[in-house]
Student: 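First, the structure itself, so that you have it in front of you.
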Amino acid sequence: MKKIILYVVILLNFLPYLLKAEEGMWPPILLSQRINEMQKLGLKLSAEDIYSINNSSLKDAIVQFGGGCTGVLVSGTGLLLTNHHCGFGSIQRQSSLEHDYLKKGYWAGSPEEELPNPGLTVTFLVRMEDVSVKVLEGVTPYMSEKDRGNIIKKNIDIIEKESVKGTVFEAKVKPFYNGNQYYLFINEVFRDVRLVGAPPSSIGSFGGDTDNWVWPRHTGDFSVFRIYASKDNKPAEYSRENVPYKPKKYLSVSLRGVEKGDFTMVFGFPGTTRENLTSYGVDLIAFKENPLKVAFRQKRLDIIEEAMNADARTRIQYASKRAGIANGWKKMMGETRGIKQMNTLELKTEQQDGFIAWANADQERAKKYGKLLSVAEGTYSRLCPCDLAGIYITEGFQGIELLRFAGGFRDIVKMAEKKDTKEADLVKSAEKLRAAVRPFFKDYQQNLDKRIAVELLSMISNGMDPSFKPGFFVSVEKKQQGDWQEYVDHLYAVSVFADSARLISILSAPGLKSLRKLASDPAYQLAASSSAVMENKINPVVTDCNRTIDSIQRIFIEGLMIFRDKKTWYPDANLTLRIAYGKVDDYHGADAVSYSYFTTVKGILQKENPDIYDYIVEPKLKDLILGNNFGMYADKDGSMHVAFTASNHTTGGNSGSPVLDGSGRLLGLNFDRNWEGTMSDLQYDPEQCRNIVLDIRYCLFIIDRFAGAKRLIDEMDLVK
Ligand code: ARG
Ligand code: GLU
C-alpha cells in the first residue's frame, strides 16, 4: 500500500509535465515520432515533405543566418527573409551620417545595388545522422568524466573529418540529451550574402526596447537579403562574378492570414534551453546570475541611452551594441520573474524528491541515481562563488570598451615577450590587429566609455569577492581610495589604446621594443590581470564543476527517461535545426488580463509619439495606414494585421524563423516571445508561453507599398 501511495505521489508530481503537448523543439530526424500528433493538429504534410535526405524538402528552404538567427528562402533566386534585428548589425555597419540606413531604411533598386556583407554567412543543413554508437565507442559506464571526455573528443574528430572528406561541406557532431546521444550535422555554408532591403528602424524596430519581449507588438521586424553563389551554384567567397543562388526549395507565401486555433509550426535554429536542470542550477541562473548581470547592464544602458539621445552620431554608433546589451538585460529580468511566478524551485525540489524516492526503492537504481542530487547540490555551492566572480569580469571589466579592446592584444604581447618569436609572425599579427583599430574607433565614444568605466569599476570594487580581485586592480584600489573618476581620467589620458593614431603607429612598425611596451600600458595591465584571474582561478573550478554537472545531468536525464514516459522527451536546444509546433493562440497574462492573438496597424497610430524615438511613425506609413486601402494584404476583416501570437516553443536563435501553416506555406516570421513566457528556456508553461510572429502580409505590404520594391514581390510565389 505504501508503495502504491508513493507511486501515486510521484505520478502526481510529474503530471503537469506529461500534459504539456505543445512543448518541445524536435530535431527533424525524430519527426516520425511526432508526425501523427502534428497531423491530428492540422499538418497536411508527411515527415518526408519536411525533412528528407534524398528529395528536396522544407528544410532546404531554411538557413541559419549569421551565428545566431534563422532565415527563410522565398524565391528561386536566393531571396531570403529574416528579422530586422537579425540584419541589424549588417545594416548598421553599412550606415553613416550620410547614408543612415538604420534611420531611413535601404532598398536596392536593382541587383547591382545589393550590398555585400563581409563575414556574414548562411548555413544550410544537408543532412543529419545519429552517430551515438560511434561517438561512445570505447566509453565504459564507470570511467572518469575526463577519460570519457577524451575518448568522445577523439571519436568526434575522426567522424567529423571522415564524413566530409572530398566534399565542400562542413561537419559538426553535437551532444543531445546532455550527452546521452550524439548527432552528426553536414552543413553547406554560403559566404556571399547581400543586403537587399530593410525598412527604417521606425518600422523594423518600432517600439524599441520598451516593447521588446512584450505583447502586444507592432514591429515590422524584417529585412531582406540574397544569397549569391558561384556560376555552378556552389558556395563562394564574395565576387562580382557571383550569381543569385538557386535553392533546392523555397517557400510559397500565404496571403490567407491566421485564425485562432490554426496549426502552426516553426522551423529554425533555437540556441539554448535547459529544461531539465536541477533546482540548484535554476537557482544559480535565475536568482544569482541574472540579477548581477542585470545590475551591470543597467548601469551601461543608462549612460549609453543618455548619450544616444543627445547626439545623432552616437545614436548610430551605439545602436547595435545597445540593442544587444538591452535585449539580454530585459530577457533576464523576465526570466527571473517567470521562474518566481511558477514556483519553479519548489516544483523542481518536489520532483527531485520524488525521483530520489523512486531511485531508492530499488537497489540497482539507488546505486546509480541515489546520490545524484546531493552531489549536484555540493557542486553548485562550489561553483557559485567562481561563477559570480566570472560575471564581475565578463560584465564588469569587459563591459568597459577600452579594457575589452586592450584585452584583445594579449596574444601579441605574449608573442613579443617570448624569445623565440619570429619577426614575420609578429608582423602578421600586428597587421591583423591594425585592421581592427579603425572599426573599433568608428563606433566608439570615449567620453561615454569613461563614464561607464567610473561606474563599473566602482561596482566591482564594492561588490566583487576580494579573494578573486585581480592584483593590478587591488593596487589601483588602494591608491585611489574610491576616487574612480580621477583614475579613469588618468587611464584614458595615458593609455595607448585610447589613442588610435599612437596605436596604429606602434602596430605599423611592430618592433619588439614598442610591442613590449604595450605590456606596461595601464589599460592593458588591468585587462590582462582580470583575464588572468579568469584563466587561472575561475575557469579551472568552473570547468571542473561543469564537467561534474554535465555528468550529473546526463545520468539524471537517463534516469528520468526510465522514470517517465520516454516518448515525451525532446532534447534541449543547441543551435541545431528544430521544429516546434502548436497553434495560433491568445493568452491570459494575469488575473483579469487577457490578450487578443493579433495586432493591427491601428495600434501603430495609438502608440505614436513624435517625442519618443521608439514611437515615431513616418508620415508615409501614417498616410498608408489612414488611406485604409491594403489591397491583397488586408485580412478578410479588411484591416491590416501586423503580428500574431502562437504556442510554439521557441528561444533565442529562432528569430527570423519561418512560421508555417499545415501545408508548409509561410505565414510569418518569428521574432520574439511574450513577457510572461520568457522563462521558457528553463521551464515552459503552455498557459503563458507564446511566440510572437510578424504577419507576413504586413512585411509584403511594407515592401510593396511603403518601399515600392515591387520587383521583390514579383519574385515570390504568393498564394491565397
Ligand atoms: N527580443 C528579441 C530577441 O530576443 C528581439 C530583440 C531585438 N530588439 C530589441 N529592441 N533589442 O532577439
Ligand atoms: N528575438 C529572439 C532571437 O533573436 C527570438 C525570441 C526568443 O528568444 O524567443 O532569436
Side-chain angles (χ1 to χ4, degrees), residues 23 25 62-72 81-92 102 198-199 201-215 217-223 266-275 297 300-301 304-305 308 315 318-335 338 572-575 577-578 580 582 607 612-615 643 645-659 668-685 688-694:
E23 179 174 353
M25 305 168 175
I62 322 292
V63 295
Q64 182 168 28
F65 182 85
C69 277
T70 303
V72 55
L81 296 177
T82 185
N83 288 148
H84 185 259
H85 78 262
C86 295
F88 202 76
S90 304
I91 303 164
Q92 191 260 343
L102 280 180
S201 290
S202 62
I203 292 174
S205 310
F206 183 75
D209 276 299
T210 320
D211 284 11
N212 192 21
W213 297 110
V214 173
W215 180 256
R217 201 60 161 275
H218 299 86
T219 316
D221 198 345
F222 76 93
S223 55
V266 177
F267 215 152
F269 290 84
T272 311
T273 58
R274 288 172 286 193
E275 308 287 346
R297 287 178 180 223
R300 288 160 76 194
L301 286 170
I304 292 174
E305 267 156 33
M308 283 173 78
R315 174 165 280 288
Y318 279 76
S320 189
K321 292 184 206 177
R322 197 214 49 143
I325 302 167
N327 194 41
W329 161 82
K330 197 164 178 186
K331 153 84 193 295
M332 289 185 268
M333 285 192 285
E335 183 173 79
D572 273 335
N574 59 359
L575 266 189
L577 189 61
R578 302 293 178 92
K607 284 179 176 171
I612 301 178
Y613 183 86
D614 289 343
Y615 294 111
T645 52
S647 58
N648 302 289
H649 190 178
T650 52
T651 187
N654 268 128
S655 275
S657 296
V659 179
L669 300 176
N670 189 73
F671 72 97
D672 212 356
R673 264 176 287 169
N674 61 333
W675 183 241
E676 297 81 358
T678 39
M679 72 299 181
S680 66
D681 296 349
L682 298 173
Q683 192 178 2
Y684 186 86
D685 176 4
Q688 292 294 319
C689 293
R690 296 290 175 267
N691 61 320
I692 299 179
V693 187
L694 169 69

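One-based numbering, in listed order, for ligands and for the atoms of each. None of these values were measured; they are calculated from a predicted model. For the numbers below, each heavy atom of this structure counts, side chains included, while hydrogens, waters and symmetry mates do not.
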Student: Return the closest protein heavy atom for atom 10 (N) of ligand 1 as residue, atom name and distance.
Tutor: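 It is Asp209 OD1, 3.4 Å.
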Student: Please check: side-chain N/O of Arg322 versus main-chain N/O of Arg300, any donor-acceptor pairing under 3.5 Å?
Tutor: no
Student: Between Asn648 and Ala580, what is the shortest heavy-atom contact and its length?
Tutor: OD1-O, 3.7 Å
Student: Before signing off on this row, confirm whether Phe671 and ligand 2 have an N or O atom pair separated by under 3.5 Å.
Tutor: yes
Student: Say whether Ser680 and Arg673, considering side chains only, have a donor N or O and an acceptor N or O under 3.5 Å apart.
Tutor: yes
Student: Quick one: are the ring centres of Tyr684 and His649 less than 6.0 Å apart?
Tutor: yes
Student: With atoms numbered from 1 as shown, which atoms in ligand 1 lie under 4.0 angstrom from a non-hydrogen atom of Phe671?
Tutor: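 Listed by number with element, the hits are 2 (C), 5 (C).
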Student: Thinking salt bridges, do Lys607 and Asp211 make one under a 4.0 Å N-O criterion?
Tutor: yes
Student: If the test is side chain to side chain contact (heavy atoms under 4.5 Å, CB included), which one of Asn691, Ile692, Thr70 qualifies with Thr650?
Tutor: Asn691
Student: Does an N or O from Asp221, backbone or side chain, lie closer than 3.5 Å to an N or O of ligand 1?
Tutor: no
Student: What residue and atom, counting heavy atoms only, is the protein's closest point to atom 9 (O) of ligand 2, and at what distance?
Tutor: Arg673 NE, 2.5 Å
Student: What residue and atom, counting heavy atoms only, is the protein's closest point to atom 10 (O) of ligand 2, and at what distance?
Tutor: Gly653 N, 2.6 Å
Student: If you have a sec, work out which protein heavy atom is nearest atom 5 (C) of ligand 1 and how many Å separate them, to one decimal?
Tutor: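 Looking at atom 5 (C) of ligand 1, the protein heavy atom closest to it is Asn212 OD1, 3.3 Å.
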Student: Please identify which atoms of ligand 1 are closer than 4.0 Å to at least one heavy atom of Asp672.
Tutor: 1 (N), 2 (C)
Student: Only heavy atoms of Gly208, strictly under 4.0 Å: list the atoms of ligand 1 that pass.
Tutor: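 It comes down to these atoms of ligand 1: 10 (N).
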Student: Where on Asn654 is there a heavy atom closer than 4.0 Å to ligand 2, on the side chain, on the backbone, on both, or on neither?
Tutor: backbone
Student: Report, in ascending order of atom number, the atoms of ligand 2 lying under 4.0 Å from any heavy atom of Gly652.
Tutor: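 By the 4.0 Å cutoff, the relevant atoms are 3 (C), 7 (C), 8 (O), 9 (O), 10 (O).
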Student: Quick one: does His85 get a heavy atom under 4.0 Å from ligand 2?
Tutor: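 Yes, that is the case, since the closest heavy atom of the residue is under 4.0 Å from the ligand.
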Student: Quick check: does any side chain N or O of Trp213 sit under 3.5 Å from a backbone N or O of Asn327, one acting as donor and the other as acceptor?
Tutor: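 Yes, Trp213 side chain to Asn327 backbone: donor-acceptor pair under 3.5 Å.
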Student: Would you mind checking which non-hydrogen protein atom is closest to atom 6 (C) of ligand 2, with the distance to 0.1 Å?
Tutor: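 Ranking protein heavy atoms by distance from atom 6 (C) of ligand 2, first comes Asp672 CA, 3.5 Å.
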Student: Counting distance only, does the side-chain N/O of Asn654 pair as donor-acceptor with the main-chain N or O of Phe671 below 3.5 Å?
Tutor: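 No; judged by distance alone, with no hydrogens or angles, the pair does not exist.
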Student: Is there a donor-acceptor contact under 3.5 Å from the side chain of Lys330 to the main chain of Thr210?
Tutor: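 Between the backbone of Thr210 and the side chain of Lys330 there is a qualifying donor-acceptor contact (under 3.5 Å).
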Student: Regarding Arg217 and Asp672, does a basic nitrogen lie under 4.0 Å from an acidic carboxylate oxygen?
Tutor: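 Salt bridge flag = yes for Asp672 with Arg217.
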Student: Please state which option from Arg322, Arg217, His85, His84 has its nearest heavy atom closest to atom 7 (C) of ligand 1.
Tutor: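 The option holding the nearest heavy atom is His85.
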Student: Applying a heavy-atom cut-off of 4.0 Å, say which part of Phe269 lies close to ligand 2: side chain, backbone, both or neither.
Tutor: neither
Student: Report the nearest protein non-hydrogen atom to atom 3 (C) of ligand 2: residue, atom name, distance rounded to 0.1 Å.
Tutor: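 Answer for atom 3 (C) of ligand 2: Ser655 OG, 2.3 Å.
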Student: Check ligand 1 against Ala323 and write out every atom of the ligand that is under 4.0 Å from a heavy-atom position of the residue.
Tutor: 11 (N)
Student: Note the single closest protein heavy atom to atom 6 (C) of ligand 1, along with its residue, its atom name and the distance in Å.
Tutor: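 Protein heavy atom with the smallest distance to atom 6 (C) of ligand 1: Asn327 OD1, 3.2 Å.
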Student: Keeping the roles fixed (side chain from Asn670, backbone from Ser657), state whether a donor-acceptor pair exists under 3.5 Å.
Tutor: no
